[in-house]
Amino acid sequence: MSVRADVETIRSIPIFSECEPAHLQLLAFSAVRKGFEPGEMLVSQGTPGTAAYLILSGRVDISTKEAGSLGEAGPGALLGEVAMIGGSPYSITARATEDVATARIDRDLFLRVAQEFPEFGTAVLRSLTRKLEQSVEDLGQARTLFEKARSFRSL
């Protein structure tokens, strides 16, 4: 895959959709290509989020210890971006179900681009803020539905 194609793939990810192409080119050019064989873990729940993985080809199973399998992710998915940006532990485990090619975006690379190009960091922060606001709204709607639901005792 070319850097130009990687840039378009990165741009399709909501948190990067408002970023300048030059900044995305830096990420794409500097990202490390890493392959995974079936059964290998890309990220493991609870371990430090040191990188995000852009899936270029192949499929991975996404799971958590609490819920088990949550589904699959394939080309164009970015895994671990919130943990990587925030320096927090990964909230999921992602295991290759077939040969997988990724572009690994290290936290240091991301932070360097954000430091040298504040407008990049601002664009990502705006996107993350919208994502958080949507999550809060979704939780509010779920709470309302839960409060309106019949009691378990009445079943």
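All residue numbers refer to positions in the sequence shown, counting from 1.
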S.K.: Using every non-hydrogen atom in the two residues, find where S127 and P14 come nearest and quote the distance to one decimal.
M.R.: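 Minimum heavy-atom separation between S127 and P14: OG-O, 3.4 Å.
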S.K.: Does L109 belong to the same Ile/Leu/Val/Met/Phe/Trp/Tyr cluster as V82, with side-chain heavy atoms less than 4.5 Å apart forming each link?
M.R.: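 L109 and V82: one cluster.
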S.K.: The criterion is side-chain hydrogen bond (donor to acceptor under 3.5 Å, both in side chains); which residues satisfy it with Q115, sequence neighbours excluded?
M.R.: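 Once residues adjacent in sequence are excluded, Q115 has no partner under the side-chain hydrogen bond (donor to acceptor under 3.5 Å, both in side chains) criterion.
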S.K.: If you group Ile, Leu, Val, Met, Phe, Trp and Tyr whenever their side-chain heavy atoms sit less than 4.5 Å apart, what else falls in with V32?
M.R.: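 Under the 4.5 Å side-chain rule, V32 groups with nothing.
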S.K.: What residues, two or more places apart in sequence or in another chain, satisfy side-chain contact (heavy atoms from CB on, under 4.5 Å) together with E147?
M.R.: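 Expected list: R143.
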S.K.: When hydrophobic residues are tied together by side-chain contacts of less than 4.5 Å, even through go-betweens, does L125 share a cluster with L78?
M.R.: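 L125 and L78: separate clusters.
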S.K.: Please walk me through it: do C19 and V124 pass side chain to side chain contact (heavy atoms under 4.5 Å, CB included)?
M.R.: CA-CA 7 Å; C19 296; V124 171; 3.8 Å; yes
S.K.: Hey, is the main chain of F16 close enough, under 3.5 Å, to the side chain of R11 for a donor-acceptor pair?
M.R.: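 No; zero donor-acceptor contacts below 3.5 Å.
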S.K.: List in chain and number order the residues that pass side-chain hydrogen bond (donor to acceptor under 3.5 Å, both in side chains) with R126, two or more places apart in sequence or in another chain; answer none if no residue qualifies.
M.R.: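 Partners of R126 by the side-chain hydrogen bond (donor to acceptor under 3.5 Å, both in side chains) criterion, ordered by chain and then number, come out as E18.
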S.K.: Just by distance, with hydrogens left out, do D61 and T97 show a side-chain donor and acceptor under 3.5 Å apart?
M.R.: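 Side-chain D/A pair, D61 to T97: absent.
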S.K.: If only atom types and distance count, is the side chain of Q141 paired as donor or acceptor with the main-chain N or O of D138 below 3.5 Å?
M.R.: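 No; judged by distance alone, with no hydrogens or angles, the pair does not exist.
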S.K.: List the steps and the verdict of side chain to side chain contact (heavy atoms under 4.5 Å, CB included) for L56 and L54.
M.R.: CA-CA 6 Å; L56 302 173; L54 174 61; 4.0 Å; yes
S.K.: Distance-only, no hydrogens or angles: does the S44 side chain make a donor-acceptor pair with backbone N or O of T47 under 3.5 Å?
M.R.: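 Side chain of S44 to backbone of T47, a donor-acceptor pair under 3.5 Å: no, none is there.
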S.K.: How many angstroms lie between CZ in F120 and CG in L26, if you round to the nearest 0.5 Å?
M.R.: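 So the gap between those two atoms works out to 9.0 Å.
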S.K.: Quick one: name the residues clustered hydrophobically with V136, using the 4.5 Å side-chain heavy-atom rule over I, L, V, M, F, W, Y, and just say none if it's on its own.
M.R.: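 Members alongside V136: L132.
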S.K.: Please check if the number of heavy atoms outside Q134 that lie under 6.0 Å from its CD is greater than 12.
M.R.: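 Check passes, neighbour count above 12.
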S.K.: Looking at residues at least two apart in the chain, or sitting in another chain, which of them share a salt bridge (charged side-chain N to carboxylate O under 4.0 Å, His left out) with K131?
M.R.: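 By the salt bridge (charged side-chain N to carboxylate O under 4.0 Å, His left out) rule, K131 matches E81.
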S.K.: Could you name each residue pair satisfying ring pair (Phe, Tyr, Trp, His ring centres under 6.0 Å) that touches residues 54-86, not counting sequence neighbours?
M.R.: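 Output for this query is empty, none listed.
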S.K.: List the residues meeting salt bridge (charged side-chain N to carboxylate O under 4.0 Å, His left out) with E72, not counting sequence neighbours, and say none if there are none.
M.R.: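 With sequence neighbours excluded, E72 shows a salt bridge (charged side-chain N to carboxylate O under 4.0 Å, His left out) to R59, given in chain and number order.
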S.K.: Does M41 share a hydrophobic cluster with I105, counting links as ILVMFWY side-chain heavy atoms below 4.5 Å and allowing steps through other members?
M.R.: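 No, no single cluster joins them.
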S.K.: If the condition is salt bridge (charged side-chain N to carboxylate O under 4.0 Å, His left out), which residues does R104 pass it with, not counting sequence neighbours?
M.R.: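 R104: salt bridge (charged side-chain N to carboxylate O under 4.0 Å, His left out) contacts with D106.
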S.K.: Within this structure, what is the CE-CZ distance for the pair M84 and F110, rounded to the nearest 0.5 Å?
M.R.: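 Spacing of CE (M84) from CZ (F110) equals 5.5 Å.
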S.K.: For Y90, what are the other residues in its hydrophobic cluster, where any two members join if their side-chain heavy atoms are less than 4.5 angstrom apart?
M.R.: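 Listed partners: F36, L42, V43, Y53, I55, V60, I62, L70, L79, I92, V100.
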S.K.: Just to verify, what does E116 make a salt bridge (charged side-chain N to carboxylate O under 4.0 Å, His left out) with, not counting sequence neighbours?
M.R.: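 Partners of E116 by the salt bridge (charged side-chain N to carboxylate O under 4.0 Å, His left out) criterion, ordered by chain and then number, come out as R112.
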S.K.: Just how far is it from atom CD of Q25 to atom CD1 of I10, taken to the nearest 0.5 Å?
M.R.: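 One finds 10.0 Å between CD of Q25 and CD1 of I10.
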S.K.: Using modelled atom types and a 3.5 Å cut-off, is there a donor and acceptor pairing between side-chain atoms of S17 and backbone atoms of I13?
M.R.: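 No; judged by distance alone, with no hydrogens or angles, the pair does not exist.
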S.K.: Measure the shortest side-chain to side-chain distance between E119 and H23 over non-hydrogen atoms and say whether it is less than 4.5 angstrom.
M.R.: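 Yes, side chains in contact.
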S.K.: I need the minimum non-hydrogen distance between G46 and P89, along with the two atoms involved.
M.R.: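 Minimum heavy-atom contact is O-CB, 3.6 Å.
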S.K.: Can you name the closest pair of heavy atoms from A31 and A103 and give their distance?
M.R.: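 Scanning both residues, the minimum pair turns out to be CB-CB, 4.0 Å.
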S.K.: How is the hydrophobic cluster of L145 composed, in terms of its other members, when Ile, Leu, Val, Met, Phe, Trp and Tyr link through side-chain heavy atoms under 4.5 Å apart, directly or indirectly?
M.R.: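 Besides L145, the hydrophobic cluster comprises nothing; the residue is isolated.
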S.K.: Okay, side chain of T93, backbone of Q45: is any donor-acceptor separation there less than 3.5 Å?
M.R.: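 Flag set: sc T93 to bb Q45 pair under 3.5 Å.
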S.K.: Kindly indicate whether the side chain of I85, heavy atoms from C-beta on, has any atom under 4.5 Å from the side chain of L111.
M.R.: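 Heavy-atom side-chain distance check fails, nothing below 4.5 Å.
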S.K.: Counting only N and O atoms by type, is there a donor-acceptor contact under 3.5 Å from the side chain of S12 to the main-chain atoms of T9?
M.R.: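 At least one qualifying donor-acceptor pair exists.
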